[in-house]
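What's counted below: heavy atoms across the whole structure, side chains too, no hydrogens, waters or symmetry copies. Counting begins at 1 with the first residue of the sequence.
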Amino acid sequence: MRKKSVAVLDIRSSEITAVVGERGVNNTFIIKSKYTCAYDGYAEGKLIDEDSFLFAVNDAVRSTVSATGGIRTFYVGVPGEFTKIINTDKVTSFQSVKKISKADCDYLAGMSAPSDTDEYQTIRHSCLYYVLSDKRKIIDPIGTISDSLQGKFCFYQCKNSFVEILLKAFKRFSGISEIKLIPTVYAEAMYLVEPELRDEYAVLFDMGYISSSYSVICGNGLAFSESFSVGIGHIAVYLMTELEIPFDVATALLSIVNLNAKESLGGIEEYVYEGKPYKFSTILLRDKIREGLDGICETIEECRQSFTGKNLDGKTVYITGEGVKAVRGTAEHLSNRLVKNVEIISPAVPYYDKPQFSSLLSLLNIALADAKSTSFFKK
């Protein structure tokens, strides 16, 4: 594989995608190879079916390796369900005023690091911001003058059980010598949200299929992140149960209904499945879908209340993920229900400028820019 290219594995809650890509012009990407495989997903911090996961990883990686060749390192996105965020606030003082160096920042990060446990281990860290002795907050203190340095750090830990099953999945690929882990919630925050928005705190909600993540971003890290097992797939299950219809029909109806369309008392939505027509009142379908979305809104509100570090009442909620556009009008309904400005955010890349590609390109962006400092596990 060309040295400028990297291989990335994006693990969503309904499918796994492997890509090989390199940096294009104007911060875009050149995708050399891409392969997606569906699987049973994860919920409540556990894989629903390990065999399904192993097969999907093997299928995606094998297809990518055979299409590209020469892959020795794979960057793997760790979903929020398997990630724990730990924030620390430490300060170090110097004997006299001095110019801050990278070594000073590394020392402060080292003294701030939490210990690994039997259940979790640290895979990466970032600093939200630094504070100098004159109380100035700064993102990059290197080269500035101060007699002390304070750092608000974020350490990203991964479940050891997830690492173990991941290494098992890669075991059969003898040519791949190392696996580097990237927390997906961090990758999305840094790639999708502009620095000026992060400096004053920003809220990002990734609506997945089975699992979703709510993150509060500050500077170059996360001040808060929580994942929960609710997504657009649960609304399809709700429709299936309430209307007593096959799951495939429920999923199809989600894509047909438009929550923003003008209400019509006599409106009917119809879908034919295996030769059988299914007809329902448009108003009934909208009401059921809105009920499902309201459950997601309640969870978002619970996350907002759990974060006490900053008043987020006036903050825009940026939403992304494959669940955002599964139902037309989702963003508008969330905005009305939450009484907040809700804005869809996605990669500014041709052909991939859709919310469902946010995690994939965010991971690719981090992998290309940061090949050295991401923690890795050698086989």
Where does the angle between the aromatic ring planes of [X] and [Y] fall among parallel (under 30°), tilted (30 to 60°) and perpendicular (over 60°)?
X: Phe53; Y: Phe162; result: tilted
X: Tyr209; Y: Phe247; result: perpendicular
X: Phe280; Y: Tyr278; result: parallel

Cut-off 3.5 Å, side chains only: do [X] and [Y] have a donor facing an acceptor?
X: Asn220; Y: Ser126; result: no
X: Ser227; Y: Glu81; result: no
X: Thr64; Y: Ser33; result: no
X: Ser211; Y: Ser13; result: no
X: Tyr35; Y: Asp59; result: yes
X: Arg286; Y: Asn258; result: no
X: Asp248; Y: Thr251; result: no
X: Ser225; Y: Ser215; result: yes

Any heavy-atom pair between the side chains of [Y] and [X] that's under 4.5 Å?
X: Ile366; Y: Tyr186; result: yes
X: Leu149; Y: Leu132; result: yes
X: Glu200; Y: Lys315; result: yes
X: Phe357; Y: Ser346; result: no
X: Tyr201; Y: Val216; result: yes
X: Val317; Y: Leu334; result: no
X: Leu181; Y: Val163; result: yes
X: Tyr120; Y: Ile86; result: no

Using the rule that two of Ile, Leu, Val, Met, Phe, Trp, Tyr join whenever any of their side-chain heavy atoms come within less than 4.5 Å, decide whether [X] and [Y] are in one cluster.
X: Val324; Y: Tyr318; value: no
X: Tyr214; Y: Ile210; value: yes
X: Tyr271; Y: Ile268; value: no

Counting distance only, does the side-chain N/O of [X] pair as donor-acceptor with the main-chain N or O of [Y] below 3.5 Å?
X: Arg328; Y: Ile256; answer: yes
X: His234; Y: Ser229; answer: yes
X: Ser63; Y: Ala60; answer: no
X: Ser146; Y: Ser148; answer: yes
X: Asn87; Y: Phe153; answer: yes
X: Lys84; Y: Lys159; answer: no
X: Asn26; Y: Thr28; answer: no
X: Asp353; Y: Pro350; answer: no

Inset, instruction - Report the C-alpha separation of Ile345 and Ser358 in whole Å, then their side-chain angles, then the decisive distance to 0.1 Å, and conclude whether the side chain to side chain contact (heavy atoms under 4.5 Å, CB included) test is met. - result: CA-CA 8 Å; Ile345 193 168; Ser358 288; 5.7 Å; no
Over 12 non-hydrogen atoms of neighbours within 6.0 angstrom of [atom1] in [X]:
X: Phe55; atom1: CZ; answer: no
X: Tyr107; atom1: OH; answer: no
X: Glu244; atom1: CD; answer: no
X: Lys99; atom1: NZ; answer: no

| task | Would you confirm whether the ring centroid of Phe29 sits within less than 6.0 angstrom of the ring centroid of Tyr352? | result |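 Not close enough - the centres of the two rings lie 6.0 Å or further apart.
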TODO: Determine, stepwise, if the pair Leu197 / Ile217 fulfils side chain to side chain contact (heavy atoms under 4.5 Å, CB included).
DONE: CA-CA 9 Å; Leu197 296 175; Ile217 310 161; over 6 Å; no
Item to complete: Would you check, one step at a time, whether the test side chain to side chain contact (heavy atoms under 4.5 Å, CB included) holds for Leu360 with Lys34?
Response: CA-CA 10 Å; Leu360 180 64; Lys34 177 175 176 289; 4.1 Å; yes
Paired with Thr330, the side chain to side chain contact (heavy atoms under 4.5 Å, CB included) test is passed by just one of Met207, Lys325, Arg290, namely Met207
When rounded to the nearest 0.5 angstrom, what distance separates [atom1] in [X] from [atom2] in [Y]?
X: Gln121; Y: Asp118; atom1: CD; atom2: CG; result: 11.0 Å
X: Ile165; Y: Asn160; atom1: CD1; atom2: CG; result: 13.5 Å
X: Asn260; Y: Glu332; atom1: CG; atom2: CD; result: 4.0 Å
X: Leu254; Y: Tyr238; atom1: CG; atom2: OH; result: 12.5 Å
X: Glu119; Y: Ser161; atom1: CD; atom2: OG; result: 7.0 Å
X: Ile123; Y: Lys180; atom1: CD1; atom2: NZ; result: 13.5 Å

Would Ile300 and Val203 satisfy side chain to side chain contact (heavy atoms under 4.5 Å, CB included), going step by step from the backbone distance to the final call? CA-CA 10 Å; Ile300 293 175; Val203 177; over 6 Å; no
* side-chain hydrogen bond (donor to acceptor under 3.5 Å, both in side chains) between Ser101 and Asp104, intermediate numbers included -> CA-CA 5 Å; Ser101 66; Asp104 296 322; 3.0 Å; yes
Worksheet item: Salt bridge or not for Arg337 and Glu298, using N-O below 4.0 Å?
Response: yes
Nearest atoms (heavy-atom pairs only) where [X] meets [Y]:
X: Leu108; Y: Gly151; value: CD2-N, 3.5 Å
X: Pro347; Y: Leu361; value: CB-CD1, 3.7 Å
X: Ala326; Y: Ile232; value: CB-CG1, 3.6 Å
X: Tyr39; Y: Ser52; value: CB-OG, 3.2 Å
X: Gly221; Y: Tyr156; value: CA-OH, 3.6 Å
X: Ser213; Y: Gly80; value: OG-CA, 4.2 Å

Checking side-chain hydrogen bond (donor to acceptor under 3.5 Å, both in side chains) between Arg12 and each of Thr184, Asp206, Thr36, which is the one that passes?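 The side-chain hydrogen bond (donor to acceptor under 3.5 Å, both in side chains) with Arg12 is passed solely by Asp206 among Thr184, Asp206, Thr36.
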Intermediate values then yes/no, ring-ring contact (aromatic ring centres under 6.0 Å, His included), Tyr42 and Phe82 | CA-CA 10 Å; Tyr42 48 80; Phe82 305 99; 5.3 Å; yes
